[in-house]
Asks: 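Could you have a look at this structure, given as structure tokens, before my questions?
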Amino acid sequence: MATTVDENSINELKDGEPIIRFEHVQQSFNDNVVIPDLNLTINAGELFVLVGTSGSGKTTTLKMVNQLQPQSGGKIFIKDENITDIGLQELRWNIGYVLQQIALFPTMTVAQNIAVIPEMKGVKREEIDATINRLLNQVGLDPKKYRDRMPSELSGGEQQRIGICRAIASEPPVVLMDEPFSALDPISRTQLQDLVLDLHAKRHDTIIFVTHDMDEALKLGDRIAVMSEGKILQVDTPTNIAQHPANQFVEAFFSQSVAHNVYDVYVGKMVMMGFSVATLPDGHTAPIDISSDKTLGEAFDDLAHCEYLRVVDGDRQLGFINAQNIVNYLSQRKRDEDENN
Amino acid sequence: MDAFFQTLVDRRSALLTALWQHIEISLVSLLIAMAIAIPLAIWATHHKRFAAFMLQIAGVLQTIPSLALLGLLIPIVGIGTVPAVIALVIYALLPIFQNTYIGIDDIDPSIEEAADAFGMGQTRKLFKVELPIAAPVIISGVRQALVMIIGTATLAALIGAGGLGTFILLGIDRNDTALTLIGAISSALLAIILSWLINRLQHMRPRYLIGGLVVLLLGIGGVGVANAVRQPADNITIAGKLGSEPDILINMYKDLIEQDNKHVHVTLKPNFGKTSFLFNALNHNQIDIYPEFSGTILESLVKKPQSDKGLTANQTYQLAQKNMQQQFKLSYLKPMAYNNTFALAIREQDAKAWNVHTISDLQTVENKLKPGMTLEFIDRPDGLPGVNKTYGLNLKAQSMEPKLRYEAIHNGNINVVDAYSTDSELRQYHLTTLKDNKHFFPSYQGAPLMKTSLAKKYPGVVKSLNKLAGHISEKDMQEMNYEVNVEKKSAKTVARQYLVNHHLLKGDAK
Ligand SMILES: Nc1ncnc2c1ncn2[C@@H]1O[C@H](COP(=O)(O)OP(=O)(O)OP(=O)(O)O)[C@@H](O)[C@H]1O
Ligand SMILES: [Mg+2]
């Protein structure tokens, strides 16, 4: 069957090889050019974040990948195949989709929602059942309790967990997420961001994640593309974007996007912005490690016990921070805010 | 209240028949309307312009008054169940179409987007996502349609499709509130119960729902087929106008025909409608025989080549018979004795005291007279003004409601009334009709009217019907009407009793 062959060929890609390629892609709605000329390559296995202001064309870009909005010009390649040569159903069955509105099917139970795509693909009943249970466990919901609930009986955070299960139920190599957490409360948002990172680490899938929140982008992205008015201003790693913004817009966008509460700022972001030291001064130690996706609030707790904290991202050492760094960061932030107001 | 329950008990079998007919017509119409409106609405959700257009058309159709719609349909599809169902379907289209369209169109676009993004095909999306979400709205449209259909279906009785409307019409015609109430309440209850049932269906699994629908359709279809099969080849349909008198007559026809012609089966359609309606039905072979009055034929059915003023009863009949044959190829069989015409009536005791027996006699007591008459009779030239002129009288009547004038004469407030010569009230209130000795009133003798071709095919039937010729006096008819209208006996029993007592039918009068 063509489906399986193609699916395998996408899955066969090694991490880092190009999987989605935009070549001179143009999108316009009734003579209104929304995206003039988009050139972008997304690699297999990366968590790619599209960030930009409202109306900058993020959703439009995303919807061209699953052809909910076919481009009006240029070419899009999935691996090396022109997207217009791939059957629509085949294309969409291999691309998961998570919406900001969540959009669970309200007349179906949790289990039925998750089963939608595997059922269409003709997967066996027992297999689907096992998948549902496994996925529910993975997203931290007890299958026994949740399988037969209706979407209306779930909190927003729980609903979006199901939204994610539904999108990845048939193991698609690519998953699109369009501001999936922007309607959630901060606590659920943080939990779900961690969930996405966790699932991504396990599945090695390619995720295109759209957000207008730079903090979220920095936390999640392997690479970040900053969009404005249909153009990509910069594509780079979070650190490079933070330290070497390509132009003033990127810089402003980056510094303006601050968590409303200083305690919610990520430690990693401070390090990226240079409020840290690369090596410990003589005679000092840093007995406590703090992960880069922890917040300043948590850093304060630890700094009560020692002078320096070592900031790590997994095994990698990013640098060291002390109370002085935090004070410097906060005063910089205060100055930026005053300028903007 | 007692009268109500008594009527209910007396007529329970007729009620059940009417109820079944009502359900049958209503559900068939509803299913047809659903089969048209739902797919159309689904299609329209992808063609918005068409949707607006359809909504307008359905809206306009709905504003046609139901009576007018039935009237418009009769020349095209005739009378009976078919036009009734067509009219009901037309009314039901709008709510079902509208709700299906809105139900689907109102679905959150992000849900549609999700379905598309998961690669669902149009059909799968429709059945798995759109219809389940829109179901409550669609079902509420179906319920609206059903309630409307059940209400409007009471009008089906007007065009011979039966149903609970027969009770209402009969009640109005006989001035019998209990009958009208039974019809109205049954129809309201039916609407409530079915609407509740549909609500329940909503929570059933689709599998059972479809199963239930199939069973229902098979049931309705099965009953229809069974009825069609059961009818023998020689089936004759006899209809009668609204009211007890024609009902009694057609029951007599049936008894007489079936006694003499073993292979013939007679189907009765009592309370079938008004004159022109039955006459059309006869000409279009939708019924085979119905009793008609000679006077009515001359007044309203044939084109008259000559004046019928001052004709005797026999002359009137002859003229009617001749013209029916010439103009419509219809056979007008031999008439019965009674003359159901306008009459003037006074109390029996006054007749004796004054020695008044004819209208001419009234001159002798003119100063004692206190006439109370219906507005129509006072007004029409062939009513009171004609009587005054012909008989040299100068009566000035008080106008009264038909029912009231009988009570008024009973109480002595008035002492002369107009009447139909076979009204059961004449018997009820002991009134005497005065002889129309100058033949002023046209005569209305009753006789069976049928197609000449049918009469030739069934000479035996004609012979049986002619047995009634010369029978049944005005007093007899008053008496029988009294038994049906006041004593609430069934027309069938009363008819049989008369036939047996007059040795026209063998057997006992049960
Ligand atoms: N179907 C459409 N028809 C016409 N214009 C559209 C359509 N979809 C998007 N646009 C326009 O294209 C531009 C980009 O829209 P898009 O939804 O991609 O923005 P976005 O970056 O996702 O914004 P947000 O953060 O608010 O979701 C906007 O100006 C929008 O009005
Ligand atoms: Mg968007």
Asks: Give every donor-acceptor pair between chain A and chain B closer than 3.5 Å, one pair per line, or write none.
Replies:
| unit_1 | atom_1 | unit_2 | atom_2 | d |
| --- | --- | --- | --- | --- |
| A/Lys63 | NZ | B/Glu113 | OE1 | 3.1 |
| A/Gln89 | NE2 | B/Gly119 | O | 3.2 |
| A/Arg92 | NH1 | B/Asp116 | O | 3.1 |
| A/Trp93 | NE1 | B/Phe118 | O | 3.2 |
| A/Tyr97 | OH | B/Glu113 | OE2 | 2.7 |

Asks: Using the salt bridge (Lys or Arg N to Asp or Glu O under 4.0 Å) rule, collect all pairs that involve residues 45-56 of chain A, keeping only residues at least two apart or in two chains.
Replies: A/Glu46-A/Arg223
Asks: At a heavy-atom distance under 4.5 Å, which candidate from B/Ala117, B/Pro132, B/Gly121, B/Ala135 has the highest pair count against chain A?
Replies: B/Ala117
Asks: With chain B as the partner, which of A/Ala103, A/Ala167, A/Pro106, A/Gly163 has the greatest number of non-hydrogen pairs under 4.5 Å?
Replies: A/Ala103
Asks: Determine whether more than 12 heavy atoms belonging to other residues, nucleotides or ligands lie under 6.0 Å from atom CZ of B/Phe50.
Replies: yes
Asks: Counting only heavy atoms not in A/Lys124, do more than 12 fall under 6.0 Å of its NZ?
Replies: no
Asks: So which part of A/Leu176 gets closer than 4.5 Å to some heavy atom of chain B, the side chain, the backbone, both or neither?
Replies: neither
Asks: A/Leu88 versus chain B, heavy atoms under 4.5 Å apart: side chain, backbone, both or neither?
Replies: neither
